[in-house]
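Heads up: the structure comes next, in structure tokens.
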There are 2 protein chains.
Amino acid sequence: MSPRLDARSKLLDAAARLFYAHGISATGIDAVIAEAGVAKMSLYNNFESKSGLVAAYLRARHEEWLELYRARLDASSDPVGGVLAIVDAYLDHAEAGYEHGFRGCGLLNAAAELPAGDPGRAIVAGHKAQVEDLLREHLESLTDSRQAAALAEQISFLLEGAISRAGLEGHSELLHRAKSLITSMVRAL
Amino acid sequence: MSPRLDARSKLLDAAARLFYAHGISATGIDAVIAEAGVAKMSLYNNFESKSGLVAAYLRARHEEWLELYRARLDASSDPVGGVLAIVDAYLDHAEAGYEHGFRGCGLLNAAAELPAGDPGRAIVAGHKAQVEDLLREHLESLTDSRQAAALAEQISFLLEGAISRAGLEGHSELLHRAKSLITSMVRAL
DNA sequence: CTCCAACTAGACCAATCTGTCTAATTAGAC
DNA sequence: GTCTAATTAGACAGATTGGTCTAGTTGGAG
């Protein structure tokens with residue numbers, strides 16, 4: 001493992017923790033390098049700027065979610081399990097022990113503090129669109145493509161709404177309620 | 001009208017515009033007073049601190065939503081109209097011509113950049129809980145109280161999810177789709 | 001007209017922000 | 001063992017942050 005990659009990943013880990021817990025604007029460069037245990041120049045050797053670090057953070061979080069999803073998908077068998085794998089990826093993420101409390105979806109939170117034209121918002125929008133797309137693919141094995149698309153959108157709304165409300169409450173209970181709701185919707189197909 | 005109230009409302013107006021468009025941490029005191037056309041001391045005569053201004057902003061936004069809702073409620077007649085008044089309040093808000101683009105729910109966005117214990121998060125959580133409560137009250141005229149509560153939660157998830165996704169897209173189309181979904185759900189009762 | 005409270009502009013403060021630079025140290029490849 | 005590229009700690013820059021203070025102006029109520 002190249003030492004450069006090591007410093008880079010330490011920075012991404014630290015940024016993930018601090019950006020999630022305190023927000024992006026509220027987290028300074030100095031806090032990130034202190035948490036990472038790394039020199040300031042290592043940050044600027046690996047990332048163009050703070051915005052570059054933020055963009056890398058958003059992409060890493062998307063990848064992280066995809067890995068949680070794929071692990072759940074591998075453990076499932078039927079299309080219903082595929083849909084629930086997506087829901088469980090949200091739950092796994094919510095319950096991955098946050099030291100400073102659960103605050104909802106890190107990507108939605110990040111988008112919320114980025115201005116209208118910021119490229120980071122496009123990353124988040126793309127992630128959410130991909131989630132809906134994965135839902136639709138699984139549902140197409142359960143019903144016709146019209147209903148699959150409509151249901152994918154509906155489940156996407158339910159999921160994003162549930163994680164937002166759950167983040168406000170500070171725990172994942174509302175996400176579990178959304179899961180049981182979605183489970184019975186999909187089982188009924 | 002007392003001059004103190006005038007400066008205070010100019011500050012709240014300016015804060016609402018800037019906090020919504022650029023986020024809270026990204027908006028400095030100086031930007032707020034410049035937008036308001038007011039001296040810095042007028043801010044600190046009317047608000048304890050920036051946090052105080054933020055809390056006032058959150059409360060004002062909640063009140064603003066309640067007024068949109070009440071206006072829609074007055075124009076409706078049956079319980080179905082009551083539920084749709086809530087949805088329309090979201091839509092009215094989304095389409096109230098944002099100069100710098102639609103970025104979703106201002107209260108959710110604000111909560112997203114407040115740390116876990118911040119009192120501002122409680123204001124937002126209370127607002128969302130009240131919305132769900134209003135939904136439940138209308139639905140209790142349409143079905144039994146068990147189903148009303150379940151449906152109120154479900155519609156709350158749909159609404160919050162739709163406005164989050166819509167904010168990422170930058171326009172209100174997804175909210176309209178949520179409205180037609182909710183309309184047929186409630187009409188079927 | 002007087003008085004008083006709210007307002008004004010702007011200097012000022014200490015702290016923090018992102019980002020740059022340097023000089024010394026480390027560690028892996030050859 | 002040498003060379004090279006990454007890393008280190010920390011000084012430094014200029015801008016900006018939230019907040020305080022002062023001195024002078026404004027405008028409506030009595």
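The figures that follow rest on heavy atoms only: side chains count, while hydrogens, waters and symmetry mates do not. Treat the numbers as computed from the prediction; the structure is a model and nothing was measured. Note on naming: letters A, B, ... go to the chains in the order of the sequence lines (proteins, then strands), and numbering restarts at 1 for each one.
Rounded to whole Å, atom P of C/dT16 lies 15 Å from atom NE2 of A/His22. Rounded to whole Å, atom C1' of D/dA6 lies 15 Å from atom CG of A/Leu43. In this entry the distance linking CG of B/Leu18 with P of D/dG18 reads 12 Å, nearest Å. Here the P atom of nucleotide D/dT7 and the CD1 atom of A/Ile33 are 14 Å apart, to the nearest Å. Here D/dG18 presents its P atom at 8 Å from NZ of B/Lys40, a figure rounded to the nearest Å. Taking atom CD1 of A/Ile29 as the reference point, atom C1' of D/dA13 lies 16 Å away to the nearest angstrom. We find that CG of B/Asn45 is positioned 12 Å from P of D/dC21, with the value rounded to whole Å. If you take OH of A/Tyr44 and P of C/dT22, they are 17 Å apart, rounded to a whole angstrom.
Residues B/Glu140 and B/Arg136 are paired through a salt bridge, judged by an N-O separation under 4.0 Å between the basic side chain and the carboxylate. Between A/Lys10 and A/Asp13, no side-chain nitrogen of the basic residue sits less than 4.0 Å from a carboxylate oxygen of the acidic one, so the salt-bridge criterion is not met. Ion pairing of A/Glu160 with B/Arg165 is absent here, as no side-chain N (NZ or NE/NH1/NH2) approaches a carboxylate O to less than 4.0 Å.
B/Asp78 places a side-chain N or O within donor-acceptor distance of the main-chain N or O of B/Gly81, the cut-off being under 3.5 Å. Put simply, the side chain of A/Asn109 gets close to the backbone of A/Arg103: a donor and an acceptor are under 3.5 Å apart. For the pair B/Thr27 (side chain) and B/Gly23 (backbone), a donor-acceptor distance under 3.5 Å is present. A donor-acceptor pair under 3.5 Å links the side-chain atoms of B/Ser184 to the main chain of B/Ser180, judged by distance alone.
For DNA chain D, the residues of residues 47-54 of chain B within the heavy-atom distance limit of 4.0 Å (strictly under) are B/Ser49, B/Lys50, sorted by number. Near DNA chain D, defined here as any heavy-atom distance below 4.0 Å, there are no residues from residues 110-118 of chain B.
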task = Please step through ring-ring contact (aromatic ring centres under 6.0 Å, His included) for the pair B/Trp65 and B/His93, ending with a clear verdict.
result = CA-CA 7 Å; B/Trp65 182 87; B/His93 187 256; 9.3 Å; no

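The listed nucleotides are C/dC7, D/dG18, C/dA9; the one nearest the side chain of B/Ser42 is C/dC7.
Across all their heavy atoms, B/Ile24 and B/Glu113 have their closest contact at N-OE2, 2.7 Å.
Nucleic acid contact for B/Thr27: sugar-phosphate only, since backbone atoms but no base atoms lie under 4.0 Å from a heavy atom of the residue.
Remark on DNA chain C: of its neighbouring residues A/Met41 and A/Asp30, the 5'-side contact belongs to A/Asp30, judged by nearest-heavy-atom nucleotide.
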